[in-house]
Structure formats: structure tokens, C-alpha cells
Amino acid sequence: MLTDSYQRKHDYLRVSITDHCNLRCEYCMPPEGVELLSHDEVLRNEEFIRLIGIFVSLGVVKVRFTGGEPLLRRGFIDIVAAARDRFPDLELCLTTNGTLLADFFPYLRRHRLRKLNISLDTLSRARYRKITRRDCFENVIGSIDLALEDPGFDVKINAVLSADTIAELDDFLEYFKDRNASLRFIERMPFTAESGNGTFLPSDRLVEELAARGELTRDRAIDTNVALMYRLMYRGRYPIRIGVIPPVSNKFCASCNRLRLMSNGNLKTCLHSETDHGLKELMRGGADDAAIAREILAAVSQKHEGHRLECRAGEGGCCALVNTGCMSKIGG
Ligand code: SAM
Ligand code: SF4
């Protein structure tokens with residue numbers, strides 16, 4: 001078991017399978033994008049599978065594919081198929097911007113990848129274009145609707161909180177009131193210059209606004225390690241599941257069970273950690289599984305207690321005290 005010095009057990013691995021992305025979300029990367037890894041720096045399919053296997057042998061039971069945009073990775077389905085084939089009981093999940101999702105449903109069903117987190121910050125096409133700097137709103141909303149038609153998928157909609165979220169809250173609730181999706185609102189973490197532009201919205205403000213729109217009940221029974229879960233009885237008759245994720249204003253480091261494998265083969269024990277543990281070099285240098293497992297265990301044992309993001313809501317946003325790179329590289 002991957003237990004750190006604060007007795008946290010890590011059974012959840014997020015795997016960023018590519019640093020490429022077809023959007024340029026303003027909270028994630030600059031308009032020109034980010035410098036990409038060379039082909040050789042990125043793990044090959046079989047390297048991902050081998051490392052996932054080592055993590056599974058150490059107690060990981062859940063793997064989420066993320067990125068960048070994971071569906072841009074050539075061979076994405078081969079990785080999923082191999083993971084499913086080798087680890088029949090592993091919970092497989094995907095976080096995607098949804099732009100390319102429609103073509104993948106048959107494969108996801110076949111390989112029992114059922115947990116889909118789809119990112120959508122707005123229901124306005126114009127605002128979508130402003131946030132993502134691309135015009136893909138119709139594709140995404142179409143994919144979300146297709147996913148929701150299949151009860152075999154567990155769909156969560158991820159929205160990054162900003163001051164504009166409040167203005168659009170009614171549109172969100174209206175659209176999803178009778179669709180079977182959980183809505184998850186994530187406080188924006190400071191990775192880009194936009195972080196300091198004064199639009200950071202602490203999740204407490206969202207909770208106040210939700211409470212003004214119907215009976216709002218905290219449902220601790222369905223809290224996850226990161227999300228505070230609520231049920232909103234919207235307009236008196238539509239129950240909506242809502243997750244609030246407050247990494248900045250109310251950090252959840254004490255219950256963190258996550259590790260992150262980046263597409264360059266580096267292990268990060270925390271999204272905000274400045275230390276990367278290079279597993280690719282070890283693997284390509286001929287290390288056997290036991291040696292790689294020892295390196296992973298050592299990295300986990302050094303995991304620090306919590307991140308050092310600082311919330312300065314009301315003073316122009318929030319800021320990072322560490323420089324860890326952008327979300328698209330680490331895998332949000
Ligand atoms: N491209 C995929 C997507 O957008 O869903 C997967 C990778 S993306 C980095 C994963 C998640 O991180 C998305 O839900 C995105 O909204 C979130 N994210 C990116 N930058 C963020 C930030 N600065 N603060 C909070 N969440 C962020
Ligand atoms: Fe947006 Fe995800 Fe791409 Fe970042 S990685 S720019 S959050 S779609």
C-alpha cells in the first residue's frame with residue numbers, strides 16, 4: 001500500500017497521457033499554448049501499461065486518464081484496452097474536454113470505462129469561445145447529451161468557478177435539472193496570468209447562490225476525497241447533485257489519495273509539488289519492476305503535508321507560492 005508519512009493511503013492514479021490539447025482554456029494555458037514534449041520524451045503505450053501495472057501491484061484501484069486532452073493521444077484506445085485486459089477489476093475513468101468524445105463511446109463501453117468527467121464552464125457559445133479560445137461548444141454539448149443518454153456512463157460536468165459562473169448559474173441548473181449528471185464546480189487554481197485578474201470566486205460564494213435557488217442539503221454520505229457534495233432541490237422539484245471542490249479556500253490535502261503520472265514519465269505526488277520523480281529514466285535504464293516500485297514508495301514517503309496555494313480573494317485573485325507548471329502538462 002502506498003502510505004505516506006501522514007498515514008494517507010494512495011489508491012488513485014491520474015495518468016496524463018498527452019500534453020497536447022486542442023483548446024486553450026484561459027485558466028490552464030496561455031493563448032499560444034505551451035511548449036510540447038518531443039515524441040521521445042513521452043511514454044509509449046507499453047510504458048504506460050507497465051507503470052500502471054506497478055502502481056496496481058502497490059494498491060492502486062482507480063486510474064483516471066487525463067491530459068492535455070487524452071482523446072488526442074493516438075493509441076488512447078489501445079492503452080485503455082490493454083489496461084482493461086491486464087487489470088479486469090481496475091476502475092477506469094476519463095477526464096476530457098468533450099470535443100472529440102462522440103466517436104469514442106463504443107470503445108469506452110467495450111472496455112468498461114464508465115466514469116466520464118466532461119469539462120464545461122459555460123452554456124453560452126460566445127463565452128465558451130472566450131474561455132477556451134476555440135469554437136467547439138456544439139461538439140461538447142452534443143457529446144454530453146449523448147453520454148447522458150446511456151445510463152451505463154456516470155457523467156460529471158466539471159466547471160471552473162469564476163465570477164461569471166454566478167451570472168450563468170440559472171442556465172446551468174435549467175439545462176441539467178432533468179439530466180442525470182452531477183455538476184462539479186472547482187475553484188480556479190493559479191496556473192496562468194488570468195489567476196490574478198480578480199475574477200477568482202471562492203466556493204462559499206457559490207454555495208450561497210445555490211442556497212438562494214432551492215433547498216440545499218449537504219450530503220456527507222456521498223462526499224468524495226475532494227468534493228463537498230450537496231443536493232439542490234431546484235425549483236422545488238428537480239433534485240440536482242452538486243459537488244463543490246475548494247482546493248484553494250478549503251484545501252483537502254489531509255484526505256488526498258491521489259498520485260499523478262505525467263506523460264513524460266514523471267511522478268508527482270501532489271499537483272502543486274515542485275518535485276518530480278522520473279520513472280521513465282529508471283525504466284528505460286533497465287530497472288526491473290521491483291526497483292521502480294521502490295522509487296514510487298520512496299516518492300510517496302516524501303510527500304509533503306499540503307500545498308501552499310494562497311487565497312487572496314478580494315485582493316485581485318489568488319496566487320501560487322510555488323511554480324509547478326501548467327495544468328495541461330501535469331494532468332488536472
Ligand atoms: N483536457 C481535459 C479537460 O479539460 O477536461 C483534461 C485535462 S484538464 C487539465 C483537467 C481539469 O482541470 C479540467 O476539468 C479543467 O477544467 C481543470 N483545470 C484546468 N486548469 C485549472 C485551474 N487553473 N484551476 C482549476 N481547474 C483547472
Ligand atoms: Fe482546457 Fe483541458 Fe486543454 Fe487545459 S488541458 S486547455 S483545461 S481542455
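Note: hydrogens, waters and symmetry copies are ignored here, and every other heavy atom, side chains too, is used. Both ligands and their constituent atoms are indexed starting at 1 by order of listing.
Between Phe153 and Phe105, a ring centre-to-centre spacing shorter than 6.0 Å is recorded.
Heavy atoms of Asn117 found under 4.0 angstrom from ligand 1: none, in either backbone or side chain. Residue-level proximity to ligand 1 for Thr95 is carried by backbone and side chain together, each with a heavy atom below 4.0 angstrom.
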For residues 237-245, which side-chain donor-acceptor pairs fall under 3.5 Å, sequence neighbours excluded?
residue : atom : partner : partner atom : Å
Arg241  : NE   : Ser182  : OG           : 2.9
Arg241  : NH2  : Asn180  : OD1          : 3.4
Arg241  : NH2  : Ser182  : OG           : 3.4

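Short contacts between ligand 1 and Glu69, defined as distances under 4.0 Å to a heavy atom of the residue, involve ligand atoms 1 (N), 2 (C). Near Cys21, meaning under 4.0 Å from any of its heavy atoms, are these atoms of ligand 2: 3 (Fe), 5 (S), 6 (S), 8 (S). Residue contact check: Leu23 has heavy atoms under 4.0 Å from atoms 6 (S), 8 (S) of ligand 2. In the vicinity of Gly67, heavy-atom distances shorter than 4.0 Å reach the ligand 1 atoms 7 (C), 9 (C). Annotation for ligand 1: atoms under 4.0 Å from non-hydrogen atoms of Arg188 are 23 (N), 24 (N), 25 (C). The ligand atoms of ligand 2 that sit less than 4.0 angstrom from a heavy atom of Cys25 are 1 (Fe), 6 (S), 7 (S), 8 (S). Interface atoms of ligand 1 facing Val160, defined by a heavy-atom separation under 4.0 Å, are 16 (O), 26 (N), 27 (C). Distances below 4.0 Å separate heavy atoms of Thr66 from the following atoms of ligand 1: 6 (C), 7 (C). Close contacts of ligand 2 with Met29, meaning ligand atoms under 4.0 Å from a residue heavy atom, involve 6 (S).
A salt bridge between Arg127 and Asp121 is absent, with no side-chain N of the basic residue lying under 4.0 Å from a carboxylate O of the acidic one. With respect to the salt-bridge test (charged N to carboxylate O, under 4.0 angstrom), the residues Arg231 and Asp219 qualify.
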side-chain contact (heavy atoms from CB on, under 4.5 Å) evaluation trace for Ser16 with Arg260: CA-CA 8 Å; Ser16 174; Arg260 292 182 150 82; over 6 Å; no
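Using a 4.0 angstrom heavy-atom cutoff, Gly68 counts as in contact with ligand 1.
Between the CG atom of Leu228 and the OG atom of Ser203 there is a distance of 7.0 Å, given to the nearest 0.5 Å.
Residues forming a side-chain contact (heavy atoms from CB on, under 4.5 Å) with Leu92 (at least two apart in sequence, or on another chain): Val63, Phe65, Val80, Ala83, Arg84, Leu90, Leu113.
Where the criterion is an N or O separation shorter than 3.5 Å, residue side chain and backbone included, Pro190 fails it with respect to ligand 1.
Shown here for Leu37 and Asp19, the closest heavy-atom pair between the two residues is N-OD2, 2.8 Å. Contact detail for Leu216 and Ala211: the closest heavy-atom pair is CD2-N, 3.9 Å.
Among Gly67, Cys28, Cys136, the residue whose heavy atom sits closest to atom 4 (Fe) of ligand 2 is Cys28.
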